[in-house]
Novice: 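Before we start, here is the structure in question, set down as structure tokens.
Bear in mind the structure is a predicted one, so any value in this text is a computation, not a measurement.
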Amino acid sequence: MSQWITEEQTPHLRLSAEAEEVLYSGESEFQKIEVFKSKEYGMMLALDGVFQTSEREEFIYHEMMSHIPLFLHPNPERVLIIGGGDGGVARECVRHDCVKEVTMVEIDGKVVELAKQYLPTIAEAMIENHPKLTVKIGDGIGFMAEAEDYYDVIIVDCSDPIGPGEGLFTEEFYKNTLKALKADGLFVQQTESPMLHQPLVEKVFGYVNNHFPIARLYTAFIPLYPAGMHCFTLGSKTFDPLKWTPNREQTFETKYYNEGIQKAAFALPNFVKNYLPSK
């Protein structure tokens with residue numbers, strides 16, 4: 001018998017998905033985890049009642065989270081993923097020929113375990129034990145604080161700024177991110193909806209703008225996330241996405257990302273530009 005599973009996206013807005021079957025519902029050390037088969041989006045993952053990903057549209061988020069920073073950098077060899085327990089960002093990162101090592105630090109090992117069991121198309125790099133990929137179960141905030149001058153690209157694929165993800169949206173975290181990057185390194189973090197989460201977007205962009213020579217925001221349209229419009233905050237020491245030109249051949253197929261989107265994603269609507277500081 002089917003049932004409706006609902007995410008309260010704001011106190012006044014909800015998104016519901018009709019589920020054919022709930023395959024897992026339980027509590028890890030950190031959060032409530034649900035995996036269910038939906039009629040519209042296929043297999044879906046929810047953490048603390050918030051939809052994280054689905055089989056049908058996951059490629060949009062994971063490609064935009066990965067390929068925008070990786071193609072901005074002309075030769076990324078060392079990549080760090082903070083979070084990303086479903087494995088989708090890792091799957092995309094290892095596809096780049098120039099990438100030699102990908103380290104993923106996920107705080108909740110249960111998410112990794114369930115993704116490998118129920119979301120194999122997303123978690124395939126983890127399932128295959130891809131030789132470029134090292135998965136560490138632990139605190140990404142602490143890991144970042146210890147790293148210095150090592151990574152070319154850092155991708156912060158975190159959940160919402162509540163629970164285990166809360167500490168990933170602090171100014172101290174971005175200071176440590178800057179320190180962990182090499183002299184020409186860059187990072188990106190998912191930063192929610194520019195329509196519904198303006199105070200958070202503005203705050204995080206301000207932090208990044210304070211510490212990185214180049215701070216940019218880019219967007220993608222992701223059906224599962226609040227308002228369908230999602231944004232990502234990018235901090236770079238050297239490379240400006242507004243001045244990007246193709247720097248190497250794309251040797252693999254993508255469903256959403258292309259060279260045009262690499263440029264167009266940074267073209268912001270006026271209502272967003274108006275609340276962001278500029279350099």
Novice: Does anything in residues 168-187 pair up under salt bridge (charged side-chain N to carboxylate O under 4.0 Å, His left out), and if so which pairs, sequence neighbours excluded?
Specialist: D152-K182

Novice: Where is the tightest heavy-atom contact between G83 and M104, given as atom of each residue plus distance?
Specialist: O-CG, 3.4 Å

Novice: Are M126 and E128 packed together at the side-chain level, in the sense that at least one heavy-atom pair is separated by less than 4.5 angstrom?
Specialist: no

Novice: K39 and E18: salt bridge (Lys or Arg N to Asp or Glu O under 4.0 Å), yes or no, with the steps?
Specialist: CA-CA 6 Å; K39 291 190 174 183; E18 187 176 6; 3.4 Å; yes

Novice: Quick check: do F266 and L217 have side-chain heavy atoms less than 4.5 Å from each other?
Specialist: no

Novice: Looking at I155 and C93, what are the two nearest heavy atoms and their distance?
Specialist: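 Closest approach of I155 to C93: CD1-SG, 3.7 Å.
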
Novice: Calculate, to the nearest 0.5 Å, the distance between atoms OG and CD belonging to S38 and E20 respectively.
Specialist: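 So the OG of S38 and the CD of E20 are separated by 8.0 Å.
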
Novice: Run the salt-bridge test on E8 and R14 with the 4.0 Å N-O cut-off and return the result as yes or no.
Specialist: yes

Novice: Would you say the side-chain atoms of D157 and Y61 include a donor-acceptor pair closer than 3.5 Å?
Specialist: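 D157 vs Y61: donor-acceptor pair found between side chains.
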
Novice: Measuring centre to centre across the rings, with the benzene-like ring taken for any Trp, is F252 within less than 6.0 Å of H96?
Specialist: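 That pair passes the under 6.0 Å test.
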
Novice: Taking the ring of Y207 and the ring of F173, is the distance between their centroids below 6.0 Å?
Specialist: no

Novice: Go through the side-chain N and O atoms of T233 and T191 and say whether any donor and acceptor fall under 3.5 Å apart.
Specialist: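 Their side chains do contain a donor-acceptor pair, which is all the 3.5 Å distance test asks for.
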
Novice: Within the distance-only criterion (no hydrogens, no angle test), does the side chain of S236 pair as donor or acceptor with the backbone N or O of D240 below 3.5 angstrom?
Specialist: no

Novice: Mind checking the CH2-CG spacing from W244 to L242? Nearest 0.5 Å is all I need.
Specialist: 12.5 Å

Novice: Decide, yes or no, whether a salt bridge links E77 with K100 under the criterion of side-chain N to carboxylate O below 4.0 Å.
Specialist: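 Answer for the salt bridge query: yes.
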
Novice: Side chains of E58 and H62: donor-acceptor distance under 3.5 Å anywhere?
Specialist: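 Note: E58 and H62 side chains meet the donor-acceptor criterion.
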
Novice: State whether a side-chain donor-acceptor pair under 3.5 Å links D108 with Q31.
Specialist: yes

Novice: Donor-acceptor pair, distance only, cut-off 3.5 Å: does the side chain of T254 make one with the backbone of Y256?
Specialist: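 No.
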
Novice: Hey, which of L45, L23, D86 is the one that makes side-chain contact (heavy atoms from CB on, under 4.5 Å) with Y118?
Specialist: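 With Y118 as partner, L45, L23, D86 yield a single side-chain contact (heavy atoms from CB on, under 4.5 Å), made by L23.
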
Novice: Whether the side chain of R56 engages the backbone of E40 through a donor-acceptor N/O pair (distance < 3.5 Å, no angle test) should be reported.
Specialist: yes

Novice: For V102, run the side-chain contact (heavy atoms from CB on, under 4.5 Å) check against T134, V94, V135, L80 and tell me which one passes.
Specialist: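 The residue from T134, V94, V135, L80 that satisfies side-chain contact (heavy atoms from CB on, under 4.5 Å) with V102 turns out to be V94.
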
Novice: So, taking the atom named CG in D97 and the one named OG1 in T251, what distance separates them when rounded to the nearest 0.5 Å?
Specialist: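 Spacing of CG (D97) from OG1 (T251) equals 4.0 Å.
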
Novice: Determine the minimum heavy-atom distance between P74 and R248, stating which atoms define it.
Specialist: O-NH1, 3.4 Å

Novice: Using modelled atom types and a 3.5 Å cut-off, is there a donor and acceptor pairing between side-chain atoms of E21 and backbone atoms of K37?
Specialist: no

Novice: Could you walk me through whether F71 and Y257 satisfy the ring-ring contact (aromatic ring centres under 6.0 Å, His included) test, starting with their C-alpha distance in whole Å, then the side-chain angles of each, then the deciding distance to 0.1 Å, before giving a yes or no?
Specialist: CA-CA 11 Å; F71 278 113; Y257 173 89; 5.4 Å; yes

Novice: Does E101 reach the main-chain N or O of K132 with its side chain, forming a donor-acceptor pair under 3.5 Å?
Specialist: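 Between the backbone of K132 and the side chain of E101 there is no qualifying donor-acceptor contact (under 3.5 Å).
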
Novice: Would a line drawn from the ring center of Y218 to the ring center of H230 be shorter than 6.0 Å?
Specialist: no

Novice: Tell me whether E7 contacts the main-chain N or O of F51 through its side chain, where contact means a donor paired with an acceptor under 3.5 Å.
Specialist: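 Answer holds: yes.
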
Novice: Is there a side-chain contact between F187 and V153, using heavy atoms and a 4.5 Å cut-off?
Specialist: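 No. Closest side-chain heavy atoms not under 4.5 Å.
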
Novice: Looking at every non-hydrogen atom in both residues, tell me the closest pair between F205 and R216 and how far apart they are.
Specialist: CE1-C, 3.6 Å

Novice: Keeping to residues at least two apart or across chains, list the salt bridge (charged side-chain N to carboxylate O under 4.0 Å, His left out) pairs with something in residues 251-274.
Specialist: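 Listed once each, the pairs would be none.
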
Novice: Flag yes if more than 12 heavy atoms outside M195 fall under 6.0 Å of its CE atom; otherwise flag no.
Specialist: no

Novice: Can you find a side-chain donor-acceptor pair between Y225 and E192 that sits under 3.5 Å?
Specialist: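 E192 and Y225 do not have a side-chain donor-acceptor pair below 3.5 Å.
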
Novice: Any side-chain heavy atom of T219 within less than 4.5 Å of one from L268?
Specialist: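 A side-chain contact under 4.5 Å exists here.
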
Novice: I need the N247 CG to L72 CG distance, nearest 0.5 Å.
Specialist: 7.5 Å

Novice: Heavy atoms only: give me the nearest Q9-A227 pair and the separation to one decimal.
Specialist: OE1-N, 4.1 Å

Novice: Please find the pair of heavy atoms, one from C158 and one from Q189, that lie closest to each other, and give the distance.
Specialist: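 Distance-wise, the nearest heavy atoms are SG-NE2, 3.5 Å.
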
Novice: Would you tabulate the side-chain donor-acceptor contacts of residues 136-149 under 3.5 Å, counting partners in other chains and residues two or more places apart, or write 'none'?
Specialist:
from	atom 1	to	atom 2	distance (Å)
D139	OD1	I141	N	3.1
D139	OD2	G142	N	3.2

Novice: Indicate yes or no: at least one non-hydrogen side-chain atom of E92 is less than 4.5 angstrom from one of L70.
Specialist: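 No - every pair of side-chain heavy atoms lies 4.5 Å or more apart.
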
Novice: Check whether any side-chain heavy atom of T121 sits under 4.5 Å from a side-chain heavy atom of F59, and report yes or no.
Specialist: no

Novice: Check whether K110 reaches the backbone of I33 with its side chain - one donor and one acceptor, N or O, closer than 3.5 Å.
Specialist: no

Novice: Any side-chain to backbone donor/acceptor pair from Q52 onto V50? Under 3.5 Å, distance only.
Specialist: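 Yes: the side chain of Q52 pairs with the backbone of V50.
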
Novice: V79 versus Y151: any side-chain heavy-atom pair under 4.5 Å?
Specialist: no

